[in-house]
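Computation of the quantities below employed the complete heavy-atom set of this structure, encompassing side-chain atoms and omitting hydrogens, waters and symmetry-equivalent molecules.
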Amino acid sequence: HGLRPTVSLLFLIKQGSTHVDERYYLYILLNVICGAQSFEHLCTVNGIEHVTFKNVYQAMGLLQDDLELDQCLKEASMIQTKQQLQYLFVIILINCHPTKPENLWKNHKIALCNDILYQAQQQTQNPVLQLSRDNIENQTLCLLNDILKKWEKTLNDFPNMPVPTMYNNVSNSLIAKKLNYDQLALTKKIALAVASSGIAALLLNNGQTVHSRFKISIKLNEDSICNISVQSNLAELLKQMILIIWDEASMMYRYVFEAIDILCITL
């Protein structure tokens, strides 16, 4: 009936992705703006031409702002611990897709950084220790990165979010934490504190059980090994380790010592 043929383009938009890309906003705009004649026409709102489709989407009032998320973090900071607040911040990044995550960080970084200085003073047994604001914020970003890695993500996955800088040219967060602690203690060396039992590990600063630190199975036999990839952050930490402080070492089976010995030789 005189209708011109049309070409339709179908593509998949992955639901629940960390950050929805420009294709999604283009798809929505093409369903909202009828008869767009060019990309310039599509990107112009009230006489102002915008650079990205997301900006157009926001200028048209179609994109929800982050006020509710901001209020959520504000209320949570009054009743939650630092660790709980950091987990909440990560959950918001992953599941709520804030439009400007960097603003959420800027508005709540003081609460997210709370307790960092106190923990450093406790670890070094130096109540007058002082850290720069940049150092404290950097350590907090490292903690957020570590939480994100449980979901196989990092702060690099979220546009405009600050990312932790390196400690002493070290990007491995596990090494960074150990080096940072040792620098505060003026040793500049890495030592690991482990214990044979969970109760004994609680008595050590930053202590862990041997099974947890070296990824050894609870069920032991002569073929037991440390389940650590040589490319992992933990492997890099162990390579730079110069000392293991092992409480209640005599309580362990010989298979544990043999597994750790094989690991050290491998690394």
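Val230 and Ile262 sit in two unconnected hydrophobic clusters of ILVMFWY residues. Membership requires side-chain heavy atoms under 4.5 Å apart, directly or through other members. The same ILVMFWY cluster, assembled from side-chain heavy atoms under 4.5 Å apart, contains both Leu30 and Val45. Residue Ile216 is grouped with residue Met252 when hydrophobic side chains (ILVMFWY) are merged at heavy-atom distances under 4.5 angstrom, including chains of intermediate members. In the hydrophobic clustering of this structure, Leu192 groups with Leu267; members are Ile, Leu, Val, Met, Phe, Trp, Tyr whose side-chain heavy atoms approach within less than 4.5 Å, directly or through other members. Taken together through direct or relayed side-chain contacts under 4.5 Å among Ile, Leu, Val, Met, Phe, Trp and Tyr, Ile245 and Met251 form parts of separate hydrophobic clusters.
A distance of 9.5 Å separates CD1 of Ile260 from CG of Leu238, quoted to the nearest 0.5 Å. Rounded to the nearest 0.5 Å, atoms OH (Tyr87) and CG (Leu148) are 10.0 Å apart. In this structure, NE2 on His211 lies 4.5 Å from CD1 on Ile218, to the nearest 0.5 angstrom. How far CG of Leu69 is from CD1 of Ile91: 12.5 Å, rounded to the nearest 0.5 Å. One distance of note links CG of Leu67 with SG of Cys72; it measures 12.5 Å at 0.5 Å rounding. Of the inter-residue distances, the one linking Leu88 atom CG with Thr81 atom OG1 reads 10.5 Å to the nearest 0.5 angstrom.
You'll find the ring centres of Trp246 and Phe257 inside the 6.0 Å limit.
If you run side chain to side chain donor-acceptor pair (under 3.5 Å) between Gln71 and each of Glu75, Lys74, Glu68, only Glu75 comes through.
Under the 4.5 Å side-chain criterion, counting only non-hydrogen atoms from C-beta, Lys219 is not in contact with Asn221. Looking at Leu73 and Asn107, their side chains never come closer than 4.5 Å, going by heavy atoms from C-beta outward. Side chains of Asp70 and His108 form a contact here, defined as non-hydrogen atoms less than 4.5 Å apart. Using a 4.5 Å heavy-atom threshold, the side chains of Asn156 and Asn145 count as separate. Under the 4.5 Å side-chain criterion, counting only non-hydrogen atoms from C-beta, Arg213 is in contact with Leu237. Looking at Gln119 and Ile116, their side chains never come closer than 4.5 Å, going by heavy atoms from C-beta outward. With contacts defined as side-chain heavy-atom distances shorter than 4.5 Å, the pair Lys106/Glu102 does not qualify. Cys96 is not listed as a side-chain neighbour of Asp66, based on a closest heavy-atom distance of 4.5 Å or more.
Proximity of a side-chain donor or acceptor of His50 to a complementary backbone N or O of Cys43 within less than 3.5 Å is not detected. In this structure a side-chain-to-backbone donor-acceptor pair under 3.5 Å is present from Ser232 to Ser229. Between the Ser196 side chain and the Glu248 main chain, a donor and an acceptor come within less than 3.5 Å of each other. No donor-acceptor distance shorter than 3.5 angstrom exists from the side chain of Asn227 to the backbone of Lys215, with no hydrogens or angles considered.
By the neighbour-count criterion of 12 heavy atoms within 6.0 Å, atom NZ of Lys82 is densely surrounded, having more than that number from other residues, nucleotides or ligands. Within 6.0 Å of atom NZ in Lys239, more than 12 heavy atoms from other residues, nucleotides or ligands are found, so the atom counts as buried in its surroundings. Counting heavy-atom neighbours within 6.0 Å of Ile110 CD1, excluding the residue itself, gives a total of 12 or less.
Closest approach of Thr165 to Asn138, counting heavy atoms only: N-OD1, 2.7 Å. Nearest approach of Trp105 to Cys113, heavy atoms of both residues: CH2-SG, 4.2 Å. Between Pro101 and Leu93, the shortest heavy-atom contact is CB-CD2, 3.6 Å. In terms of heavy atoms, Ala76 sits closest to Leu85 at CB-CD1, 3.9 Å. In plain terms, the two heavy atoms of Ser224 and Ala259 that are nearest each other are O-CB, 3.5 Å. Gln86 approaches Leu112 most closely through the heavy-atom pair NE2-O, 3.1 Å.
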Worked check of side chain to side chain contact (heavy atoms under 4.5 Å, CB included) between Phe53 and Leu42: CA-CA 8 Å; Phe53 298 125; Leu42 194 65; 3.9 Å; yes
CA sep, side-chain torsions, deciding dist, call: Lys109, Thr140, side chain to side chain contact (heavy atoms under 4.5 Å, CB included): CA-CA 8 Å; Lys109 63 183 178 182; Thr140 304; over 6 Å; no
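For the residue pair Glu236 and Gln240, no side-chain donor N or O sits within less than 3.5 Å of a side-chain acceptor on the partner.
Applying the side-chain hydrogen bond (donor to acceptor under 3.5 Å, both in side chains) test to residues at least two apart or on different chains, the pairs with a partner in residues 257-267 are Arg254-Glu258.
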